[in-house]
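Side chains are part of it too, since the values below use all heavy atoms of this structure and drop only hydrogens, waters and symmetry mates. Labels below follow one simple rule: chain letters A, B, ... track the order of the sequence lines, proteins then strands, and each chain is numbered from 1.
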Amino acid sequence: MKKCVTVLDYGVGNLFSVSQAFTFCGAEVKLADDAAEIIRADYLVLPGVGAFGDAMTELNRRGFTEPIKRFAASGKPFLGICLGMQMMMESSDEFGRHAGLGLIQGHVQAIPPEDASGLRHKIPHIGWNPLWPGRESPEWKNTVLETVTPGDAVYFVHSFTANCTDSRHSLAETEYAGRRLTAVVKSGPLYGCQFHPEKSGPVGLKIILQFLQL
Amino acid sequence: MIGDPAAHAAKYYEHGADELIYMDIVASLYARDHLIEIIHKTARDVFIPITAGGGIRSIDDVRALLRAGADKIAVNTAAIKRPALISEIANRFGSQCMVLSIEAKRSGKNKWEALTDNGREHSHLDAVEWAKKASGLGAGEILLTSVDQEGTRRGFDVELIAAVSAAVSIPVIASGGMGATDHLIQAVREGKADAVAMADVLHYNRMTMEQIRAAAVAAGLTGRKL
């Protein structure tokens, strides 16, 4: 039977690529713009581009926030992508302090414009960068990264980065300008990818396939 | 025309391209609908970032291309004519999808002019100053093409890349002149390009993606091995 994936449509960003990637991986994709569909979902995907505050305002305005939290507490698989991953955290500093969904403890901050030795580097962080295990997540077995090899590269576009309060929630990291940045967060069946699995070629598709096995 | 663009796109994807850029250099009204069709066809089974450019004049043009499956759009002429368009696109769809395309022509020692209409018309804008201004308006990336080097296969205009890359804090994609893997390495090492774009070297099979990636990996330029 086809896995049914509900992708949240809250008016920001382009859902075509996300939907297409899940369809390609054999799922049936439903775009949900109604709060009632959230709690009924089997797999819930929260995509997102743009600014944190605007996106949270939009989730709140549509009455999505509480249903998402209820879904997250139900033990069913959830995937946040890019800004969607950042919104899983408690708060963000992007254009002022904004509350997030609080599914994972931690905070979203700007990537510092200078590296540890004071050299300026490019912001946003755009491009392909390898995934490495988080300090306290040496094992990717039984996670969405099960079939990914450390060092496999995925596609990032972001200026802000999530810091987990409990580093065990940081399943994978990447390195940019001499800093470790959170790449995948995990808490039980709740996952968030800072990068775009739907734009990360075969490696990204592996992650989506594995998510559908949860 | 060298064949079906979507078929080329699928081939490059399979051989490990990091991104695809579609530049429609005719950009008539008819051509824009055609571009949307090509993007739509490509985005069905190509899962890497896709940039579309050529003849984009309005928010509606951007929306149509993004809906078709493009991730970013590249704007040159319309942004030079009305720089506020950059902010409008960045505010509406995010800076990450607003790529400023600059077609730069050398006008003197360490001086370049930004041309419009695919390098046919003068703007009298200094390319480096324009890059700075556009970056401040919300451009998320710069696709920097050397009109002088394009099609020569003699390498990129490294001085141009270095001048723009040092002037802005957003990523710069170098384009125009790729003829050998050394050119790519030079553009990144000396020019400080953040990415390198190439077209006919691949379209006419003068080099394979595998050769190019092997050289880039050997030089330590990319973390993406295949």
- Query: Measuring from Phe47(B):CZ to Glu198(A):CD, what's the distance to the nearest 0.5 Å?
  - Reply: 9.5 Å
- Query: Given a strict heavy-atom distance threshold of 4.5 Å, which part of Gln20(A) is in contact with chain B: side chain, backbone, both, or neither?
  - Reply: both
- Message: Using side-chain heavy atoms (C-beta onward) and a distance below 4.5 Å, is Arg224(B) in contact with Val203(A)?
- Response: no
- With a 4.5 angstrom heavy-atom cut-off, could you sort out which part of Arg44(B) is near chain A: side chain, backbone, both or neither? both
- Closest non-hydrogen atom pair, Val49(A) against Gln96(B): CB-NE2, 3.8 Å
- Message: I'd like to know if the side chain of Lys122(A) and the backbone of Ile170(B) have a donor-acceptor N/O pair within less than 3.5 Å.
- Response: yes
- Query: chain A heavy atoms under 4.5 Å from Thr222(B): which part of the residue, side chain, backbone, both or neither?
  - Reply: neither
- Message: Shorter than 4.5 Å, heavy atoms on both sides: which option in Gly50(A), Pro130(A), Ala153(A), Gly201(A) has the most such pairs with chain B?
- Response: Gly201(A)
- Taking atom CG of Asp45(B) and atom OG1 of Thr23(A), what is their separation to the nearest 0.5 Å? 12.0 Å
- Message: Using a 3.5 Å distance criterion without hydrogens, assess whether the side chain of Trp128(A) forms a donor-acceptor pair with backbone atoms of Asp18(B).
- Response: yes
- Message: Can you tell me which portion of Ala195(B) sits under 4.5 Å from chain A's heavy atoms? Options are side chain, backbone, both or neither.
- Response: neither
- Engaged part of Pro197(A) at the chain B interface, taking heavy atoms whose separation is under 4.5 Å: neither
